[in-house]
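These notes concern the structure reproduced below.
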Amino acid sequence: MRALFTCQPALGHFLPLTPIARAMAEAGHDVAFGAPAAFRGAVEAHGFRWVPSSVGNDDPEMAAPRARHLELRGFAQQQFIYEHIFGGVTARRAVPDLLALAETWRPDLIVHDSSEFGGVVAAELLDIPHAQVEVHATGPRPDTMRMVYGPLQRLRAEFGLRERPIQELIDEYLSLTPFPASLTPTGSPVVPTNHYVRVLPADGTNALPEWVDRVGVRPLVYVSLGTVWNVRHGQETFSKIVDGLRGIDAEVVLTVGHDFDPAVLEPQLARIHVERFLPLGALLERCSLVLFHGGSGTLGYVVAQGLPMVILPLGADQPENAERCAELGVSRSLDPEELAPDTVRDVVLDVLQTPSYRQNAERLREEFERLPGVETAVELLERLSRERRPVLAARL
């Protein structure tokens with residue numbers, strides 16, 4: 001079987017696909033990743049074949065929509081991204097690239113991240129099934145998803161496709177959700193083709209710096225703002241967080257990413273450590289609490305370790321993730337508009353010292369552990385390719 005994976009050009013959209021793609025390759029299937037040229041390095045660094053598809057943030061056509069989306073805030077920003085970028089530029093530019101690829105390497109199915117829609121339209125035109133991998137921990141939000149309906153309907157019309165409900169098209173065959181079902185908000189619709197699976201991206205090495213072994217009896221607090229938001233909000237936000245954590249008897253480690261210079265932060269106490277990158281799986285095994293932006297990628301690792309959280313939502317799907325985690329009793333949230341060191345200290349101390357947060361986080365971890373593993377995702381994709389019809393989930 002030939003499986004073509006497609007994604008938006010961002011690590012938070014690419015990484016959730018990688019364990020499934022790797023398992024497909026190990027099962028003997030031919031796997032390729034369609035992504036913009038600027039993302040080729042990331043694809044090949046993970047050992048996959050890259051094929052050109054769509055546009056990256058460096059493309060001139062992306063300049064105007066990216067500038068506009070940076071001017072917006074909150075839900076308006078998300079609506080704009082879905083209408084003009086996910087449903088607009090990236091989908092429109094992906095379809096002809098994927099059709100051209102199919103002339104020489106015809107895929108049997110397309111597997112796309114849940115915000116990449118060019119693969120959906122290309123699969124329809126190629127008359128092959130498609131599957132989506134959910135990249136948002138709390139699932140699709142209807143009031144943002146509907147923003148892609150108009151642009152995708154117009155794109156389909158350009159290729160002579162008849163009008164049909166877009167959400168029905170997106171959800172038609174198979175959806176793989178690598179998060180526990182409890183993270184889906186109460187009352188949110190779950191489509192019949194949705195299957196929950198226990199899948200986490202590999203994070204490279206398990207090597208940790210020597211200081212980790214000297215932490216001792218103090219709790220270890222991990223701080224992260226992800227791989228995108230750390231650049232936009234890093235220096236001021238990290239400084240406020242560190243100032244708040246100075247007043248807590250804990251070891252603290254911040255990872256600031258490859259695009260943020262740790263030197264811009266003032267010299268810290270010996271028990272406050274600043275690193276560019278650390279392997280999350282290995283690090284979180286040592287942690288007592290995670291203070292982070294609420295990004296779905298990091299959230300998946302935190303859930304898998306059963307850790308309580310403090311969430312500072314900065315954008316994208318982070319407010320929804322923060323709200324749901326608070327409802328489940330595994331976290332408290334910080335308001336980025338009113339962030340202050342005293343508030344950071346008080347909230348972190350409360351979560352560290354209140355047993356219910358850890359207990360609820362353990363229950364969420366146990367739910368995740370009960371899900372079928374990546375081998376089930378491979379079996380479902382093989383079945384989809386073979387039967388070419390919707391793969392319905394069993395419901396109790």
Side-chain angles (χ1 to χ4, degrees), residues 11 15 45 200-231 233-295 297-312 314 330-332 334 339 341-355 357-358 361-362 365:
L11 288 176
L15 290 177
L200 277 178
D203 59 352
T205 174
N206 287 329
L208 293 172
E210 292 183 0
W211 64 259
V212 176
D213 291 326
R214 299 193 296 270
V215 167
V217 297
R218 286 195 185 110
L220 177 59
V221 175
Y222 172 55
V223 178
S224 171
L225 298 181
T227 57
V228 174
W229 301 92
N230 59 340
V231 179
H233 300 267
Q235 183 171 357
E236 181 180 359
T237 302
F238 276 133
S239 295
K240 290 179 180 178
I241 291 172
V242 168
D243 286 346
L245 296 178
R246 289 178 193 275
I248 296 176
D249 185 24
E251 297 278 339
V252 177
V253 56
L254 295 79
T255 55
V256 297
H258 297 293
D259 298 321
F260 183 92
D261 184 3
V264 304
L265 295 174
E266 295 180 3
Q268 308 301 339
L269 301 175
R271 59 183 177 80
I272 297 180
H273 314 272
V274 182
E275 305 278 353
R276 286 192 180 275
F277 169 84
L278 290 173
L280 269 184
L283 176 65
L284 294 182
E285 291 179 359
R286 311 289 192 97
C287 291
S288 300
L289 179 143
V290 178
L291 192 167
F292 72 121
H293 62 311
T298 306
L299 180 58
Y301 283 103
V302 179
V303 167
Q305 290 295 333
L307 293 174
M309 320 166 205
V310 173
I311 298 180
L312 176 69
L314 299 172
V330 300
S331 75
R332 284 189 60 183
L334 294 167
L339 188 65
D342 288 350
T343 306
V344 171
R345 182 196 63 231
D346 293 345
V347 170
V348 168
L349 277 174
D350 177 55
V351 176
L352 277 175
Q353 295 173 356
T354 304
Y357 289 104
R358 184 63 183 247
E362 277 292 325
R365 180 193 63 79

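We're numbering straight along the sequence, starting at 1. Note that these values count all heavy atoms, side chains included, but never hydrogens, waters or copies made by symmetry.
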So CG of Leu254 and CG of Leu225: to nearest 0.5 Å the spacing works out to 8.0 Å

Apply side-chain contact (heavy atoms from CB on, under 4.5 Å) to the pair Met309 and Val351, showing each step before the final yes or no. CA-CA 7 Å; Met309 320 166 205; Val351 176; over 6 Å; no

In terms of heavy-atom contacts, Leu200 and Ala304 come closest through CD1-CB, 3.6 Å

For Leu284, enumerate each residue passing the side chain to side chain contact (heavy atoms under 4.5 Å, CB included) test, keeping only those at least two apart in sequence or located in another chain. Tyr222, Leu280, Cys287, Val290, Tyr301, Val302, Gln305, Leu307

Evaluation steps, side-chain contact (heavy atoms from CB on, under 4.5 Å), between Val252 and Ile241: CA-CA 10 Å; Val252 177; Ile241 291 172; over 6 Å; no

Could you tell me which non-hydrogen atom of Ile311 sits nearest to which non-hydrogen atom of Gly294, and how far apart they are? CG2-CA, 3.6 Å

Return the set of residues passing salt bridge (Lys or Arg N to Asp or Glu O under 4.0 Å) with Asp350 (not counting sequence neighbours), or none when no residue passes. Arg332

Rounded to the nearest 0.5 Å, the NZ atom of Lys240 sits from the CD atom of Glu236 at a distance of 4.0 Å

State the CZ-OG1 distance between Phe238 and Thr255, to the nearest 0.5 angstrom. 6.5 Å

Going by the side chain to side chain donor-acceptor pair (under 3.5 Å) test, which pairs reach into residues 280-290, not counting sequence neighbours? Asp213-Arg286

Evaluate Leu289 against Tyr357 for side-chain contact (heavy atoms from CB on, under 4.5 Å), listing each step before the verdict. CA-CA 10 Å; Leu289 179 143; Tyr357 289 104; over 6 Å; no

Taken to the nearest 0.5 Å, the spacing of Arg246 CZ from Arg271 CZ works out to 8.5 Å

Go through Leu334 and Thr343 one step at a time and tell me if the side-chain contact (heavy atoms from CB on, under 4.5 Å) criterion holds. CA-CA 8 Å; Leu334 294 167; Thr343 306; 3.8 Å; yes

To the nearest 0.5 angstrom, please state how far the NE2 atom of His293 sits from the CG atom of Leu299. 9.5 Å

Can you list the residues that meet the side chain to side chain contact (heavy atoms under 4.5 Å, CB included) rule with Ile248, with sequence neighbours excluded? Leu245, Ala250, Arg345, Val348, Leu349, Leu352

Return the minimal non-hydrogen interatomic distance between Glu275 and Leu278, and the atom names on each side. CG-CD1, 3.9 Å

